[in-house]
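Reviewing the structure listed below.
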Number of protein chains: 2
Amino acid sequence: MRIGDVAKLAGVSVRALRYYEEQGLLIADRGPGGHRQYPQSAVERVKFIQMLYAAGLSSSAILQVLPFLDTLVASPRMARQLEAERDRLKAQIDDLTKAHDRLEDLIRLAALYEDSPATCEPNETPPTTPVTRSRRRLSGARLTRH
Amino acid sequence: MRIGDVAKLAGVSVRALRYYEEQGLLIADRGPGGHRQYPQSAVERVKFIQMLYAAGLSSSAILQVLPFLDTLVASPRMARQLEAERDRLKAQIDDLTKAHDRLEDLIRLAALYEDSPATCEPNETPPTTPVTRSRRRLSGARLTRH
DNA sequence: CTAGAACCTGACGTCGACGTGAGAATCAAG
DNA sequence: CTTGATTCTCACGTCGACGTCAGGTTCTAG
């Protein structure tokens with residue numbers, strides 16, 4: 001397959017595929033004119049790479065995980081890397097779930113004050129409810145490393 | 001409170017707080033010398049902002065959501081924004097969960113081939129299992145918009 | 001009063017996963 | 001043979017949430 005085909009089938013840009021190769025994530029042999037040649041399996045590999053990118057893994061992290069797909073043999077080093085990324089994902093999922101639930105709370109709270117579906121004018125003076133309802137504690141989740 | 005106190009209590013950098021103000025997310029009045037003065041509530045506000053950042057919201061998205069915290073009154077526009085972000089979060093959580101489960105599968109698969117806890121030498125020739133086990137289908141989740 | 005800590009305003013640097021040309025070569029079809 | 005589509009290799013641009021340095025001002029403890 002040529003690079004355009006893989007790009008189309010995997011749903012990524014041609015540039016992305018060249019970038020993956022540059023990062024060592026995707027190898028391609030070359031035709032006589034220097035054009036890249038991919039096996040069919042490249043499509044699934046690219047989709048897997050995309051999934052990991054979408055999950056927030058970096059190129060180098062993916063590079064450490066990918067060899068397992070090829071060899072199906074995990075060195076202890078690789079296994080620990082897999083588990084570390086799994087745990088990181090779990091933590092991030094928990095953070096996102098917290099944020100999701102918090103937004104859900106706000107939405108429900110908003111529905112209480114805006115139950116007139118058509119009257120969108122700002123004349124809705126909400127009944128003087130005690131605003132002193134103690135705010136829930138939030139997660140101090142840090143994603144960025146200072 | 002001064003900016004350093006808020007930073008310490010909220011667990012962010014001083015630079016971040018100035019950046020939040022620059023983005024309109026956090027207002028501070030000034031002391032006679034030009035130093036920023038924050039109320040106690042700023043700490044929780046910053047933690048909330050951090051949670052939304054960690055959830056992948058952009059500054060402008062947070063800016064559209066935040067006024068609701070202050071007024072507790074949601075315009076229809078604001079309510080739709082809240083719901084949109086909630087849905088985006090839900091979708092992202094699903095993606096992350098897929099990736100997490102996939103990693104979990106790999107880890108379990110790895111455990112089959114590497115059940116000798118101490119012998120870490122690469123002499124473990126796994127039993128010749130049919131590697132032709134068809135790979136599961138992957139999600140073509142796209143986060144980046146080309 | 002004075003040293004050092006904390007704060008101020010610019011303004012440039014960073015990092016990662018590509019986007020976006022530029023200019024040239026290769027390939028597939030008529 | 002020609003033309004248009006695809007591909008090639010540099011190499012610079014982007015965007016967002018800050019980090020970081022520079023040079024100056026303000027606060028606070030002794």
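Chain A is the first sequence line, chain B the second, and so forth, proteins listed ahead of strands; every chain is numbered from 1.
- Atom CZ in R88(A) sits 8.5 Å away from atom CG in L96(B) (nearest 0.5 Å).
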Collect all protein-nucleotide pairs involving nucleotides 20-23 of chain D in which both atoms are nitrogen or oxygen and the distance is under 3.5 Å.
{"from": "dT20(D)", "atom 1": "O4", "to": "R15(B)", "atom 2": "NE", "distance (Å)": "3.2"}

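- Phosphate proximity of dA17(C) to S59(A): present, with a side-chain N or O under 4.0 Å from OP1 or OP2.
- The salt bridge (charged side-chain N to carboxylate O under 4.0 Å, His left out) contacts involving residues 49-71 of chain B comprise R45(B)-D70(B), where partners must be two or more places apart or lie in separate chains.
- Between S58(A) and dA17(C) there is no side-chain N or O to OP1 or OP2 distance below 4.0 Å.
- Between the P atom of dC18(C) and the OH atom of Y53(A) lies a distance of 6 Å, rounded to the nearest Å.
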Please report, to 0.1 Å, the donor-acceptor pairs under 3.5 Å made by any side chain of residues 59-68 of chain B, with sequence neighbours excluded.
{"from": "S59(B)", "atom 1": "OG", "to": "Y53(B)", "atom 2": "OH", "distance (Å)": "2.5"}
{"from": "S60(B)", "atom 1": "OG", "to": "S58(B)", "atom 2": "OG", "distance (Å)": "3.2"}
{"from": "Q64(B)", "atom 1": "OE1", "to": "R77(B)", "atom 2": "NH2", "distance (Å)": "3.1"}

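- Applying the salt bridge (charged side-chain N to carboxylate O under 4.0 Å, His left out) test to every pair with at least one member in residues 1-17 of chain B, sequence neighbours left out, gives no pairs at all.
- Applying the salt bridge (charged side-chain N to carboxylate O under 4.0 Å, His left out) rule to D94(A) yields the partners K90(A); only residues at least two apart in sequence or on another chain are considered.
- Rounded to a whole Å, the CG atom of L26(B) is 12 Å from the P atom of dC18(D).
- With sequence neighbours left out, E104(B) forms a salt bridge (charged side-chain N to carboxylate O under 4.0 Å, His left out) with R86(A).
- For R18(B), there are no salt bridge (charged side-chain N to carboxylate O under 4.0 Å, His left out) partners at least two apart in sequence or on another chain.
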Can you tabulate the close N/O pairs, meaning under 3.5 Å, that link protein atoms to atoms of nucleotides 3-8 of chain C?
{"from": "dC7(C)", "atom 1": "OP1", "to": "G4(B)", "atom 2": "N", "distance (Å)": "2.8"}
{"from": "dC8(C)", "atom 1": "OP1", "to": "R36(B)", "atom 2": "N", "distance (Å)": "2.8"}
{"from": "dC8(C)", "atom 1": "OP1", "to": "R36(B)", "atom 2": "NH1", "distance (Å)": "2.9"}
{"from": "dC8(C)", "atom 1": "OP2", "to": "R18(B)", "atom 2": "NE", "distance (Å)": "3.2"}
{"from": "dC8(C)", "atom 1": "OP2", "to": "R18(B)", "atom 2": "NH2", "distance (Å)": "3.1"}
{"from": "dC8(C)", "atom 1": "OP2", "to": "R36(B)", "atom 2": "NH1", "distance (Å)": "3.3"}
{"from": "dC8(C)", "atom 1": "O5'", "to": "R36(B)", "atom 2": "NH1", "distance (Å)": "3.4"}

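- Across all strands, L57(B) comes closer than 4.0 Å only to sugar-phosphate atoms, never to a base (heavy-atom distances).
- At dC18(D), one or more side-chain N or O atoms of Y20(B) fall inside 4.0 Å of OP1 or OP2 (strictly under the cut-off).
- Note: CG (L52(B)) to C1' (dC18(D)) measures 17 Å, nearest angstrom.
- Using a 4.0 Å cut-off, some side-chain N or O of S13(B) falls inside it from OP1 or OP2 of dG19(D).
- Between the CD1 atom of I62(A) and the C1' atom of dG16(C) there is a distance of 11 Å, given to the nearest Å.
- Rounded to a whole Å, the CD atom of E22(B) is 12 Å from the P atom of dA11(C).
- Distances shown here put a side-chain N or O of Y19(A) below 4.0 Å from the OP1 or OP2 atom of dA17(C).
- Under the 4.0 Å criterion applied to side-chain N and carboxylate O atoms, D101(A) and K98(A) are not assigned as salt-bridge partners.
- Qualifying side chain to side chain contact (heavy atoms under 4.5 Å, CB included) partners for R80(B), counting only residues two or more places apart in sequence or in other chains: P76(B).
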